[in-house]
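Here's the structure we're looking at; comments come further down.
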2 protein chains.
Amino acid sequence: MSEEVRGRRAMLQLIAASGAALALPRAAAAQAKSADPVRAFVEKNHDANVKRLQDWIRLPGIAAENRNMNEACAQMVELAREAGFADARRVETKGHPCVFGTMDVGAKQTLGVYFMYDVKQADPAEWSSPPFEAALVDKPGFGKVVMGRGATNQKGPESAFLAALRALKAVGRKPPVNLVLICEGEEEIGSPNFRDAVERPEVLAAFKRCSGVMLPMNCQNPAGGVSVNLGAKGIVELELVVSGEKWGRGPVQDVHSSQKAALDSPAWRLVQALQSLVSADGNDPAIDGWFENVKPLTARQKELVDIIVQRTPEAAALKNLGAKQWVRGLSYREAMERLVSQPTVNIEGLVSGYTGPGGKTILPGKAVAKLDLRLVPDMTFDEAVRKLKAHLAKRGFADVEVNVSGGYDPTQTDENSGLIRATQATYRKAGIEPTLNPRLAGSWPGYLFTSPPLSLPAGHFGLGHGSGAHAPDEYMVIESANPKVAGYDGAVMSYVDFLQQMAVVR
Amino acid sequence: MSEEVRGRRAMLQLIAASGAALALPRAAAAQAKSADPVRAFVEKNHDANVKRLQDWIRLPGIAAENRNMNEACAQMVELAREAGFADARRVETKGHPCVFGTMDVGAKQTLGVYFMYDVKQADPAEWSSPPFEAALVDKPGFGKVVMGRGATNQKGPESAFLAALRALKAVGRKPPVNLVLICEGEEEIGSPNFRDAVERPEVLAAFKRCSGVMLPMNCQNPAGGVSVNLGAKGIVELELVVSGEKWGRGPVQDVHSSQKAALDSPAWRLVQALQSLVSADGNDPAIDGWFENVKPLTARQKELVDIIVQRTPEAAALKNLGAKQWVRGLSYREAMERLVSQPTVNIEGLVSGYTGPGGKTILPGKAVAKLDLRLVPDMTFDEAVRKLKAHLAKRGFADVEVNVSGGYDPTQTDENSGLIRATQATYRKAGIEPTLNPRLAGSWPGYLFTSPPLSLPAGHFGLGHGSGAHAPDEYMVIESANPKVAGYDGAVMSYVDFLQQMAVVR
């Protein structure tokens, strides 16, 4: 799952009712139809473009299941070459391969593009239309959608970006910027080997020529509004495990619960270790030294929070989250500032002993808490893991296993960078005034681009709407019933426009 | 599941290596074969008796699944009538029915007998022999066993008791005591309606004539040893539930974990509520007023603990529990005293959010802790529930749901009661010196017999061995490979002997 996609979706939902989205200039677009050969080509090739997306969805590369990964990688190479990345090629990592390609058209600016070609698992039993059939389905209120795993996360918008490049080529136009493409195949398992690919000399050299990195995404919420994130929190995902085995106390396996009187309990030890990590109400991290490198928000970042709060009615924001009040009873403004500025220690899951219906009188031999720790600049993933372990060790919990499964540093991108200005300009051209978000509360592996040695602006872009990432019935809107929301062709055209903006900014 | 059975099994395992069991006087038994018409009948009818047990296992009444309960009740009535309870009949409760019957033979003493006719669920996929086929299987080291759900918990020993009565009848002997039989059909779901049956005037009147209540059980451990429990801890089984719904804070459903910065967390609140219930190391209850009615052990009870500790090597006791040391680093003697004397607050299970492999970045809308609270005299179930709720409310956790699913008061039975003396005498006659246990750390619904208005001695009795209650491959030994462990016929004869002892004690 793209952490970003999910985090972003949550944020988009927050502003779904904000009325920030304006109507797309449909009349102007219609007039342009005959005048703009690129648009004419895109519209003429609508069915072929959608078919190409459907074919892509029908060959799912699932890293978590080691399913079709060679075939999916070869398909990614082929799709990139068709779109004009003549040198597109497979790049090995310690895990599943990446795909790397460049398109040097002699332009002044170079844009980096990040793709993922893997998708999340899908259980067909949960879907109303089979996840790997990519059927076109009528979705009331939305229009005609393509339904399938990867439809929006991330094949749909990626295919629209590639379709934009093919359209330019077809009408004999060079892209207005040079392009560098890197596609990873392990995004859904936490990008454990993506660094291998980015740090290859030829890849690093290519990205060093870029003025920013863009990930294609269906950025419109159901009302058509768009939010532009100027960074993202980092994350550490981990399990804390207390076991009789490692602890040397309590049972190594589940025993009858009557033995609690005579034996220590790993589950109680987990509770004790957990509660040392946070403030008494569970809302602030209390890990030693956790805030040492936390940068306070700037005046501009606080101003952006003000705007978010003004644009999004509080009641709608709470309703979207299924909540009646904000953390610790704070005001909406205070909660939104925490959302962009505060590191968190969150319990994703608790698992110990008997978890079925009713009870079972056992003293469990093991207890697990699944945690995610969100990091803000200038915290780092390595620092967080080190401090968590030191905190536990200092309190006598050295036996508590800290099993880190993945994570990233936070990212930050300058509002005044060319990438962000091009993003805003393209949305405005489409009649949408985007909301600037100082920092996404979710996370994505963009730190490889935003941190040294590259230190590039990085962000998401794209018109279009989809939902259901990591869930059943994932979809992307193909023919939109809402004039404020772009369909597939509108998404394709948004990338054509974005490349143009990237060529002229700065 | 019989709480008792499981708790007892844990205790039996503790003394499995104790060498307390002596060889059964096989030569004497063989000599008696022709001399004793009851034994001769039992041996002649071995196959028919085992077949009757197999047929019983093949019709599982499973209260938790509301499966076959009418048929299972009718079968229980039939089995009781065949054994001589001519008036055996179905007795309605608010839940599944009980079966009640009496056998008045004009004897001086009357023995109450407690049966359960329901069994625990079973997943055939986990069994090496189908749970409801009751196949006869060779079990290396044990001999020929009947394998099936209910084989030892509790149809096996119950069927042996009934076979003893049928044998007496067949050879024209009256039982040496009058009998009162109550059979419940909801033991495995916590006996929620058993009180309904016991408090019926005709049932209460019949039990008032009893000098004790016995539950047939395969009391021998694999080495042949037997422990006699002089009471049992009480229990409260419950779930503590924190939900955004009830709390009015945090999300009502799972939301993206990035929202932790802006929302309260039910999982963290559960952690905070939990840790208020116990001492810092999780080993002593810290619920307000919890120890007010806890009776200290008597000198005799402490002496019995000394004997248990002397008879059972510490290393074997720890090994059987899969533990390396006792609670809080205490000595073996201290831990064993805690086992019989201390109330506990145990975590049976923790469930919140994502519980599968790996992680999932959610902020769960709900968190559940499954607890069992073991009670010692003179604590009561009602008192414990009341104090737990008051404790939580006083600390601002009034919204934390306390969902009690079942439980019992503790029981206590006098070492000098006729029931216990008859139990000991019967074991000794079989060449076994039983270990007296001041109190079972597990629980069973015997309080309905041991508390007013009945205030009777109550306990378990029976030779024979079985295991696997609530687990796959449950079995009872039919033909024992170990001369120290009774087979099915030996179990039947132990009940014949026990009735005789009950008639002559006191």
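Reminder, nothing fancy here: chain letters follow the sequence lines and each chain counts from 1.
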Problem - SB check Arg333(B) Glu337(B) (cutoff 4.0 Å) - result: yes

Problem - Toward chain B, the part of Asp372(A) with a non-hydrogen atom under 4.5 Å - result: side chain

Handout entry: Part of Pro357(A) lying under 4.5 Å from any heavy atom of chain B
Key = backbone

Practice task
Answer yes or no: is there an ion pair linking Lys360(B) with Asp254(B), defined by an N-O contact shorter than 4.0 Å?
Solution key: no

Exercise for the section: Identify which part of Ser405(B) has an atom lying under 4.5 Å from any heavy atom of chain A, answering side chain, backbone, both or neither. Expected result: neither

Problem - Leading residue by heavy atom contact count with chain B [cutoff under 4.5 Å; candidates Ala367(A), Gly356(A), Ala369(A)] - result: Gly356(A)

Fill in the blank from the handout: Ranked by heavy-atom pairs below 4.5 Å to chain B, first place among Pro343(A), Ala262(A), Gly349(A), Gly353(A) goes to Ala262(A)

Exercise for the section: Using a 4.5 Å cut-off on heavy atoms from C-beta on, say whether the side chain of Val278(B) contacts that of Gln272(A). Expected result: yes

Exercise for the section: Tell me, for Val368(B) versus chain A, whether the close heavy atoms (under 4.5 Å) come from the side chain, the backbone, both or neither. Expected result: neither

Handout entry: Where Lys370(B) and Gly358(A) come nearest, the two heavy atoms and their spacing
Key = NZ-O, 2.6 Å

Exercise for the section: Could you look at Ala280(B) and say if it's the side chain, the backbone, both or neither that has a heavy atom under 4.5 Å from chain A? Expected result: backbone

Exercise for the section: Under 4.5 Å heavy-atom distance to chain A, tell me which part of Glu239(B) shows up: side chain, backbone, both or neither. Expected result: side chain

Fill in the blank from the handout: Turns out that what part of Val271(B) lies under 4.5 Å from chain A's heavy atoms comes down to both

Practice task
Go through Thr355(A), Val351(A), Val252(A), Leu263(A) and name the one with the most non-hydrogen pairs under 4.5 angstrom from chain B.
Solution key: Leu263(A)

Exercise for the section: Please state whether the side chain, the backbone, both or neither of Ser352(B) comes within less than 4.5 Å of a heavy atom of chain A. Expected result: both

Handout entry: Flag side-chain contact, heavy atom, 4.5 Å: Tyr354(A) against Thr361(A)
Key = no

Problem - Lys/Arg N to Asp/Glu carboxylate O, Arg249(A) vs Asp399(A), below 4.0 Å - result: no

Exercise for the section: State which residues pass side-chain hydrogen bond (donor to acceptor under 3.5 Å, both in side chains) with Lys233(B); sequence neighbours excluded, sorted by chain then number. Expected result: none

Exercise for the section: Return the option, out of Asp284(A), Leu270(A), Leu238(A), Val345(A), with the maximum number of heavy-atom pairs under 4.5 Å with chain B. Expected result: Val345(A)

Practice task
Working to the nearest 0.5 Å, report the span between CH2 of Trp290(A) and CG of Leu277(A).
Solution key: 8.5 Å

